[in-house]
Amino acid sequence: MRPLSRLIAALPPALHFSVALRGTIAVGTPLVALNALGHPTLALLATVGALQSTMADVGGSYRGRVLTLLLACALVPAAATLGSVLIAWWWAATLGMALLALAVGLARSFGQLGTSLGFATGVSYLIGTALGGASMSPLQHAGGFLLGSAWTLCVALVLWQLRPYKRLEYEVADCFAKLAALVRTAANLDFRASDAQIAQRHHALRQTIERSRQTIGEVSTGTDGRSLTLPRLLVLVRSAARVGANAVTLADIQRSEDGRAGTAQAVYARAVQALAESNLGIAHSLNRGLSDLDLHPLEDALSELREELRRTDLPDTLHLNLQHAVGVLDRALLHLRNAAEVLVQLFGTEHDLGNRLLPRFYIGDLLHRGSQALRTNLDLRSPIFRHALRLSLAVGAATACYSLLRLPHGLWIPLSVMVVLQPDFGGTRTRSVQRTAGTVAGVAIAGVLITLIHDRTLVELFLLPLIFLTLLFLRSRYTLGVTLLTPFVILLLDLLVPSNLAAIFERIADTVAGAALALFAGYWLWPSWQRERLPLQLAQALTANRDYARAVLGHLVDGGEFDQSTHRTRRLAELEGVNTSAAYQNLLAEPPSTRGDVARVLSLVSYNERLTRHLTSLGEHLGTPLAAYPHAAFERWSEQLLLALGATSDMLAGRLDTRPELTAFEAADAALREAPAAGADTAREQRALIEPLLQKIATDASALYASALRLARLPRRQLDAQNSSN
């Protein structure tokens with residue numbers, strides 16, 4: 001049973017299974033049904049059309065998916081037909097592919113919908129060029145592709161729940177479901193858990209969190225970067241990770257058999273149960289697309305537990321344990337409140353059941369926003385425009401080579417370029433390795449099948465499990481997905497345009513050539529390096545942290561609570577921190593010669609995250625007026641801290657021509673440390689609690705300034721001019 005359980009554990013989650021099932025229904029039905037009706041050629045064309053439309057459907061809102069598939073019904077057949085016609089003239093096929101690739105690159109201005117739809121359209125054009133030599137008319141091509149695309153739309157309308165309403169939200173929801181299981185296990189609510197069982201649940205949570213981060217990162221590479229949805233989901237993932245770390249400490253809370261402990265332990269059990277239910281509530285809200293999280297049971301249980309600790313004479317050990325538990329649960333509650341705010345930001349009235357089933361088609365609004373983004377990106381300094389030009393030239397050159405030389409299987413050269421070439425070089429390099437390795441393995445599998453199987457019906461039966469496994473693994477394990485997709489495409493095209501065994505080696509060579517051309521284009525044709533964009537992203541993160549610091553320090557002086565305005569500044573600071581971390585990871589994927597001073601960037605990213613964390617810890621002390629320091633000294637320290645953070649941000653953004661100094665902040669920091677403490681015991685206790693945090697915040701600000709001073713050597717306007725000249 002152990003090997004079987006390991007195999008099941010290695011499979012993607014049920015989310016990917018539902019995606020694969022719906023995709024197999026969409027792609028496999030035309031293949032089986034039309035063959036049974038005696039139309040084998042039409043069956044293969046419809047299957048290709050259904051496959052491209054399925055690839056274009058990458059999730060998102062119900063109405064967004066319907067709109068994507070409606071557009072696919074028009075664009076996929078038109079592109080395939082155009083390719084089959086223009087391939088008769090190599091120059092026309094090359095020009096058509098170059099212009100289409102330019103449009104595919106610019107389609108990123110419309111977000112993920114434009115990216116996926118543009119890619120499916122470009123691939124359909126290339127497949128059409130391969131079908132140009134077949135004994136079929138352009139009208140047959142168009143009809144077959146249209147039939148497959150229309151069928152995929154019907155499947156999406158009828159079986160839409162098999163393709164999750166929000167793919168990313170489903171994965172993040174799985175994090176909180178695993179978190180609830182960890183909380184119950186660590187607190188011994190279900191059974192007496194061993195250390196191994198707790199470690200197993202925690203490991204499962206960590207795996208789910210890392211998978212979610214990876215998926216969000218993959219999707220973010222296909223967006224224009226302006227949407228806040230992905231950073232907000234990353235904030236939820238981070239909240240799950242932090243609550244998970246807190247939950248593990250609950251395993252150290254020991255139960256007592258003392259008769260006086262019964263009520264307190266019962267209240268503690270209710271609080272932990274409420275924590276688990278709150279996590280399940282977040283998962284439920286994400287799955288349903290609603291912001292209906294209720295944290296009152298957890299808040300009430302915590303208040304009751306504090307009251308019980310005050311009025312009941314408990315054994316010392318149990319009292320300390322429960323006091324520790326209160327601190328753990330308080331920190332968890334803080335992260336859950338943050339998650340609740342994110343849910344409110346993520347979901348609106350368009351997620352009601354009625355709007356899901358009767359979607360409001362917002363083509364006008366989409367075109368308006370997309371056209372504005374497109375106009376903004378029609379600039380050589382725009383990464384999207386530079387990627388579109390790069391893609392147009394590279395795919396156009398590959399198509400010219402394929403069509404001019406009449407390479408029998410040269411389709412794989414431009415196809416590999418289109419798949420491999422990404423907006424950033426790090427993504428291109430990673431995808432080239434994955435694509436090449438997967439294609440080589442997939443071509444080998446296809447060669448074995450073509451050699452051993454000569455029955456057309458049997459070959460078609462092999463296509464169904466291949467497409468299911470492809471869709472099952474393509475999102476979670478790209479190399480394995482490509483390995484399975486390659487023989488599916490080869491067998492499908494071989495049924496339309498028969499080839500021989502020698503084509504196996506030709507396809508491998510063409511794939512390697514396409515990946516090499518993509519790498520060349522990514523490195524030499526207007527490359528977009530993270531080194532150029534990171535200073536501005538870091539400046540935005542520091543500005544958000546400065547606003548967060550202003551809110552926290554201001555409330556600390558006047559005794560204000562952690563209100564909604566402060567919550568908003570914290571959320572924005574965390575969002576910018578997530579964006580900065582993602583940009584740093586992209587930097588590491590680029591060639592070492594282009595990265596610049598990685599150590600300084602890492603220092604800025606790390607200290608920016610530390611500053612956010614320390615400000616959040618300081619925010620836990622809000623609600624009581626400041627008595628630990630003289631107000632004048634503390635206000636001067638706060639003012640100089642904000643000026644230091646602002647100057648550091650301006651320096652990174654290139655808004656300063658001269659080097660700023662920290663002399664005033666250092667003097668204010670020294671004066672605050674030497675300021676006499678008030679005589680009251682409460683003031684001394686407050687100072688003992690917040691002084692270490694203030695020292696850490698001061699250290700963070702000084703370290704950020706020192707790292708930025710060495711990283712930002714040119715004003716931003718000079719750097720922009722330099723980039724434009726390149």
Side-chain angles (χ1 to χ4, degrees), residues 59-61 112 164-180 183 205 208-213 215-217 219-220 223 225-247 275 277-296 298-299 330-352 540-541 544-545 547-548 551-552 562-582 609 612-613 615-616 619-620:
S61 67
Q112 184 65 13
Y165 174 59
K166 288 281 191 179
R167 178 169 66 92
L168 296 177
E169 279 84 334
Y170 272 56
E171 294 207 9
V172 178
D174 195 29
C175 294
F176 284 93
K178 293 284 197 308
L179 176 57
V183 170
L205 171 63
T208 307
I209 287 173
E210 291 306 317
R211 184 172 61 245
S212 299
R213 284 174 172 163
T215 303
I216 294 172
V219 173
S220 67
T223 63
R226 288 186 297 275
S227 172
L228 289 178
T229 299
L230 297 180
R232 283 169 178 159
L233 290 176
L234 281 174
V235 170
L236 286 175
V237 172
R238 180 179 292 179
S239 297
R242 290 176 176 174
V243 176
N246 291 330
L275 175 61
E277 293 296 332
S278 297
N279 287 306
L280 288 175
I282 295 176
H284 181 68
S285 296
L286 286 166
N287 287 330
R288 295 180 58 202
L290 300 173
S291 56
D292 54 356
L293 180 64
D294 184 10
L295 294 177
H296 287 100
L298 177 57
E299 295 169 346
D330 270 334
R331 290 190 292 273
L333 178 59
L334 180 65
H335 297 307
L336 293 182
R337 284 172 176 163
N338 192 30
E341 295 170 12
V342 174
L343 290 176
V344 172
Q345 295 295 323
L346 280 174
F347 303 118
T349 57
E350 71 272 14
H351 299 278
D352 294 341
Q540 293 173 349
N545 256 334
D547 295 339
Y548 184 26
V552 171
F562 206 96
D563 55 16
Q564 289 298 318
S565 176
T566 310
H567 278 299
R568 190 179 307 111
T569 58
R570 181 190 66 191
R571 184 172 60 251
L572 291 176
E574 290 186 342
L575 288 175
E576 292 297 342
V578 167
N579 290 334
T580 303
S581 298
E609 290 183 349
T612 305
R613 186 167 63 251
L615 288 170
T616 299
E620 296 178 5

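Rounding to the nearest 0.5 Å gives a distance of 11.0 Å between CD1 of Ile282 and SG of Cys175. In this structure, the separation between CG on Asp174 and CG on Leu179 is 11.0 Å, given to the nearest 0.5 Å. Distance check, rounded to the nearest 0.5 Å: CZ of Phe176 to CD1 of Ile209 gives 8.0 Å. Atoms CD and CG, on Glu576 and Leu572 in that order, are 7.5 Å from each other to the nearest 0.5 Å.
Heavy atoms only, all atoms of each residue included: Ala544 and Ala573 are closest at CB-CA, 3.7 Å. For Ala541 against Thr580, the heavy-atom pair with the smallest separation is CB-OG1, 3.5 Å.
Evaluation of the side chain to side chain contact (heavy atoms under 4.5 Å, CB included) rule for Thr569 yields Tyr548, Ala551, Thr566 as partners, not counting sequence neighbours. Partners of Leu280 under the side chain to side chain contact (heavy atoms under 4.5 Å, CB included) rule, at least two apart in sequence or in another chain, are Ala180, Glu277.
Between Arg613 and Glu574 there is no salt bridge, since no side-chain N of the basic residue sits under 4.0 Å from a carboxylate O of the acidic one.
Arg570 has its side chain within reach of Glu341: a pair of non-hydrogen atoms, C-beta onward, lies under 4.5 Å apart.
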Going through the distances and angles, do Leu343 and Leu286 end up as a side-chain contact (heavy atoms from CB on, under 4.5 Å)?
-> CA-CA 8 Å; Leu343 290 176; Leu286 286 166; 3.8 Å; yes

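No side-chain donor-acceptor contact under 3.5 Å links Asn338 to the backbone of Leu334.
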